[in-house]
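This chain uses plain numbering: 1 for the first residue, then up along the sequence. None of these values were measured; they are calculated from a predicted model.
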Amino acid sequence: MGFFDRFKRVVKANLNSAISKAENPEKMLNQLITDMNQQLIEVKKSVAGAIADEKRIERQMNEQLKQSADWENRAILALKAGKEDLAREALGRKRESDEYAGQYREQWESQHQAVEKLKTHLRGLQQKIEEAQRKKNLLIARSKRVEAQKRIHETMGGLSDTSAFEVFDRMNRRIEDMEAETEALGELVNSGSTEDDIEKQFQALEGSSGGTPDTMLEDLKQKIALEGPQGDTAQNTGDVEDDDLAELKKKLQDDESSGS
């Protein structure tokens with residue numbers, strides 16, 4: 001019975017040590033089951049030794065019973081031969097064997113009872129270890145579920161932190177500013193192009209206002225007609241104009257000659 005008490009103490013000590021170290025539940029439980037199975041092996045060895053002792057005592061008891069029967073047969077043989085002294089000696093030996101057999105029987109019965117109890121405890125211990133194995137699997141599953149829930153809560157807690165969302169808000173505002181700057185630059189470029197187009201249109205109008213040479217000639221004729229003759233001054237002016245016309249014609253002829 002002592003090794004069962006030792007088994008309980010060892011298992012309890014290992015369990016307390018594992019819990020105090022706050023190890024990983026799965027690792028702790030697997031190690032605990034390993035320790036329990038190792039202790040179970042030691043207990044089985046002890047029970048096997050007790051059973052071996054029972055068998056040995058039983059053999060010694062049976063040996064004494066056999067010797068008792070042999071001495072009784074020898075006593076009978078001596079009596080038949082008329083040798084009472086020899087028969088008496090044989091009966092004395094028979095009585096000794098009976099006494100030893102009685103002592104061995106008492107030891108065997110006591111040992112047999114102890115072995116039966118050990119067997120019962122061993123079966124109970126095996127059942128408890130099997131139950132512990134099943135509980136271990138359940139506890140590991142619960143431990144993993146709790147760990148998963150813990151990670152989810154930690155992740156949710158991190159998401160609830162406003163700092164991450166503040167980064168998104170700052171980036172959003174930054175991108176909006178960039179979009180506004182880009183749009184403003186586009187408007188400036190487009191407005192510059194419009195001003196250039198307007199400037200070109202006005203230049204075209206101004207260029208067209210000069211008219212063709214024919215138009216300019218007609219305008220000049222009308223201007224001269226409006227001025228009309230003005231006495232000597234007009235005559236002098238006419239002379240000057242004739243000279244200018246002659247000079248203009250000569251210039252035109254010289255240009256044509258040089259061009260040809």
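Under 4.0 Å is where a charged nitrogen must lie from a carboxylate oxygen, and between Asp70 and Arg74 no such pair does. For the pair Arg59 and Glu63, the salt-bridge criterion is not met [side-chain N within less than 4.0 Å of a carboxylate O]. Note on Arg173 versus Asp177: no salt bridge recorded, every NZ/NE/NH1/NH2 to OD/OE distance being 4.0 Å or above.
Glu72 places no side-chain N or O within donor-acceptor distance of the main-chain N or O of Leu91, the cut-off being under 3.5 Å. A donor-acceptor pair under 3.5 Å is formed between the side chain of Thr34 and the backbone N or O of Asn30. With Thr182 contributing its side chain and Met178 its backbone, the two residues share a donor-acceptor pair below 3.5 Å.
The structure places CD of Gln107 at 12.5 Å from CZ of Arg105, a figure rounded to the nearest 0.5 Å. For the atom pair Ile140 CD1 and Lys136 NZ, the distance stands at 4.5 Å (nearest 0.5 Å). Distance check, rounded to the nearest 0.5 Å: CD1 of Ile57 to CD of Glu106 gives 11.5 Å. Separation of atoms CG (Asn137) and CG (Leu29) is listed at 9.5 Å; rounding is to 0.5 Å. With rounding to the nearest 0.5 angstrom, the CD atom of Gln60 is 12.0 Å from the CG atom of Leu65.
The two atoms that bring Trp71 and Ser97 nearest to each other are CD1-OG, 3.9 Å, heavy atoms only. Heavy-atom minimum distance, Ala50 versus Val115: O-CG2, 3.5 Å.
Placement of Met36 and Val47 within a single hydrophobic cluster is found when ILVMFWY residues are connected by side-chain heavy-atom separations under 4.5 Å, directly or transitively. Linking Ile, Leu, Val, Met, Phe, Trp and Tyr whenever their side-chain heavy atoms come within less than 4.5 Å leaves Ile51 and Met61 in two separate clusters.
Atom CD of Glu84 is surrounded by 12 or fewer heavy atoms from other residues, nucleotides or ligands within 6.0 Å. Arg95 CZ: 12 or fewer foreign heavy atoms inside a 6.0 Å radius.
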| task | List the steps, then state whether side chain to side chain donor-acceptor pair (under 3.5 Å) holds for Gln39 with Asp35. | result | CA-CA 6 Å; Gln39 292 297 321; Asp35 293 341; over 6 Å; no

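Taking 4.5 Å as the limit, every side-chain heavy atom of Ile129 sits out of range of all side-chain heavy atoms of Gln126. Residues Gln111 and Trp108 form no side-chain contact, since every pair of their non-hydrogen atoms from C-beta on lies 4.5 Å or further apart.
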